[in-house]
Amino acid sequence: MAHHENGTLPKTDEGMGHERFLQLKQGKYSDGHPLDEVQYLECKLILKPDRFIAAKVFFEYGELARQTAKEFGIDFSSKGITLKPQVREVEFFDTADFRLYNNAFILRQRVTYEDGFPAGDPEIVFKFRHPEMQKAADLDVRPQIAGHYRIKFKAEALPLKDQVGSYRLLFSHNAQFPLSQEPEGAHAFLSGLVRMFPALDSLKLAGDDQLALVNGAIVEEILQDLGTFDFGHGVTADVNIAIWRERGTHKPLCGEFAFQAKFTRRDELHEKAMQRCRQFFIALQTTGRDWLSLGTTKTGLVYRMNGNPPQAHE
C-alpha cells in the first residue's frame, strides 16, 4: 500500500485489508525483543459538536451509520445496548513549548467515572503517533516501570484533511498502565518522563522542563457504545460515539464516531471484509457530510485551544 508523506493514500488503493498494509521490516529492539506489530485497525470520524445537545443524538448518528453499512452488506448488531453514556475525564501533559507533541509523542491521563465518582485507577497512556508505520514500529515505547503495562499498536484511518472520499492513516504505538504503577512524580518534569520512557532520549532537556496540563484544559468525554459491525469472514469491529467538552465551561470541542477491529495475525484481515470496511468508511463521509469536521483530531483540538498551533505529525 503506497503511502504519501502526509499519511494520505491514493484513491485507487486496493483496500485496508491487503497484506502490504501491515508489512513491517523484520527487526528487534535493543534488548532483542521483536518489533511490535499492528494488531488494531480503528476508523475514526471527527464530528461537529453542535448537534450533540442530548444523549439521543448518539443513536441518531448510529442509525445513519447502520443504514450506510447495510448498503455494503455489513451487519450491525446493537443487542444489549442501552442509552447509558459513560463519563471519562481526559488530560494531556506537555511542556510549555509542546516538546512532546511537536515530536509526535502524546502523554494522556484518563479517569473513568461511575455514578459520579472515579472508578478504579486513572490510566496513563504514552503514545508515538506517526503516518509512517515502520517509523512508529521502530520506536520502543515500553516504559521502565516495576509494574504491569500493556502495548497497543494501532492503525488509525481518518478522512483526508481537506476533502471527503478517501482516507489517510496514522500509526499509534501506545503503552498504557494504571497511574499507581508510575514512579511518584514521574510526569511532573520532562527529565522524569524520559527516565520512564527511554524513547524520549532524543528530546532536548533543560533542568526545569516542567510538564503541565496542555492549555490548562480538562476534557470531559461522554462515550456511548453503539454495537458491533460484522464485515464478514470473521472480521468484526466494536462501534462507539463520543463528545468531548471542556470541563468547567462545558464548551463542546468535537464529537467522534469510531469502530475498531482487533486481530492477532495479518491474515485474519480478510481482503473482501476490508474492502467492505473501506467502502463503508468512505461512503459514511458522504452520507454524513453535514456532521463531519475535517482536518483535525481530538488531541489536536485540545492543543489548539488557545490559538497556539503546534507542529504535529497528525
Side-chain angles (χ1 to χ4, degrees), residues 16 40-90 110 112-116 156-168 219-232 235-247 249-262 273 276-302:
M16 296 176 185
Y40 296 85
L41 171 63
E42 185 173 24
C43 298
K44 299 180 176 184
L45 293 174
I46 302 300
L47 308 175
K48 297 172 184 175
D50 52 294
R51 290 177 180 259
F52 291 89
I53 56 174
K56 65 178 183 179
V57 177
F58 292 142
F59 281 177
E60 290 175 9
Y61 188 87
E63 177 61 19
L64 173 68
R66 185 193 68 79
Q67 292 177 1
T68 306
K70 188 178 180 180
E71 296 174 13
F72 299 96
I74 300 166
D75 291 332
F76 178 66
S77 172
S78 57
K79 185 177 180 180
I81 297 295
T82 59
L83 188 57
K84 188 178 180 181
Q86 184 180 23
V87 179
R88 303 195 292 192
E89 182 180 280
V90 184
R110 186 164 61 194
T112 299
Y113 284 79
E114 289 181 5
D115 301 322
E156 299 178 350
L158 302 95
L160 300 183
K161 293 183 179 182
D162 57 356
Q163 61 182 314
V164 299
S166 190
Y167 63 95
R168 60 192 178 99
V219 174
E220 182 181 59
E221 179 186 54
I222 312 299
L223 178 74
Q224 173 67 47
D225 289 333
L226 294 179
T228 304
F229 284 135
D230 188 340
F231 296 100
V235 179
T236 62
D238 294 332
V239 189
N240 61 48
I241 190 169
I243 183 171
W244 276 29
R245 301 189 298 228
E246 186 179 1
R247 199 175 122 188
T249 65
H250 295 286
K251 176 184 176 182
L253 299 174
C254 69
E256 183 187 71
F257 173 79
F259 55 96
Q260 177 176 271
K262 185 181 186 302
R276 286 194 195 100
C277 176
R278 174 182 178 271
Q279 291 171 338
F280 162 66
F281 185 59
I282 291 173
L284 187 57
Q285 296 174 34
T286 302
T287 56
R289 181 66 182 88
D290 291 344
W291 295 73
L292 203 57
S293 179
L294 295 174
T296 190
T297 64
K298 301 192 306 295
T299 304
L301 283 168
V302 174

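Quick note: numbers below take in every heavy atom, side chains included, and nothing from hydrogens, waters or symmetry partners.
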Given side chains that start at C-beta, do those of [X] and [Y] come closer than 4.5 Å, heavy atoms only?
X    : Y    : value
L253 : P49  : no
Q224 : I222 : no
R289 : L294 : yes
R51  : D290 : yes
I243 : P252 : yes

Taking side chain to side chain contact (heavy atoms under 4.5 Å, CB included) as the criterion, tell me which of L284, L292, I46 meets it with F257.
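When side chain to side chain contact (heavy atoms under 4.5 Å, CB included) is applied between F257 and each of L284, L292, I46, only L284 qualifies.
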What are the two closest non-hydrogen atoms of [X] and [Y], and how far apart are they?
X    : Y    : answer
A55  : L83  : O-CD1, 3.6 Å
F231 : R276 : O-NH1, 2.6 Å
L226 : G62  : CD1-CA, 3.9 Å
Q285 : G165 : OE1-N, 3.0 Å
A157 : Y167 : CB-CD1, 4.4 Å

Name the residue from R88, R110, K298 that meets the side-chain hydrogen bond (donor to acceptor under 3.5 Å, both in side chains) definition with E221.
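The passing option is R88.
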Results of ring-ring contact (aromatic ring centres under 6.0 Å, His included) for F76 - residues two or more places apart only
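ring-ring contact (aromatic ring centres under 6.0 Å, His included) list for F76, sorted by chain: F229.
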For the residue pair F58 and F52, categorise the inter-ring angle as parallel (less than 30°), tilted (30 to 60°) or perpendicular (more than 60°).
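Tilted.
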Please state whether the rings of W291 and Y61 are parallel, tilted or perpendicular, taking 30° and 60° as the class boundaries.
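Rings of W291 and Y61: perpendicular, as their planes differ by over 60°.
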Taking R247 for the side chain and V219 for the main chain, is one N or O donor matched with an acceptor at less than 3.5 Å?
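Not confirmed, R247 side chain does not pair with V219 backbone.
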Is it the case that over 12 heavy atoms from other parts of the model lie below 6.0 angstrom from the [atom1] atom of [X]?
X    : atom1 : result
K262 : NZ    : yes
I53  : CD1   : no
K251 : NZ    : no

Worked verdict on D225 versus D238 for side-chain contact (heavy atoms from CB on, under 4.5 Å):
CA-CA 8 Å; D225 289 333; D238 294 332; over 6 Å; no
Which distance, rounded to the nearest 0.5 Å, do you find between the [atom1] of [X] and the [atom2] of [Y]?
X    : Y    : atom1 : atom2 : answer
E114 : Q86  : CD    : CD    : 7.5 Å
C277 : I282 : SG    : CD1   : 9.5 Å
F259 : L41  : CZ    : CG    : 7.5 Å
E256 : K44  : CD    : NZ    : 5.0 Å
E60  : I241 : CD    : CD1   : 9.5 Å
L47  : W244 : CG    : CH2   : 13.5 Å

Would E63 and Q67 count as having a side-chain donor-acceptor pair, cut-off 3.5 Å?
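Yes, Q67 and E63 have a side-chain donor paired with an acceptor closer than 3.5 Å.
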Can a salt bridge be assigned to the pair R245 and E220 using a cut-off of 4.0 Å between side-chain N and carboxylate O?
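Looking at R245 and E220, the cut-off is met.
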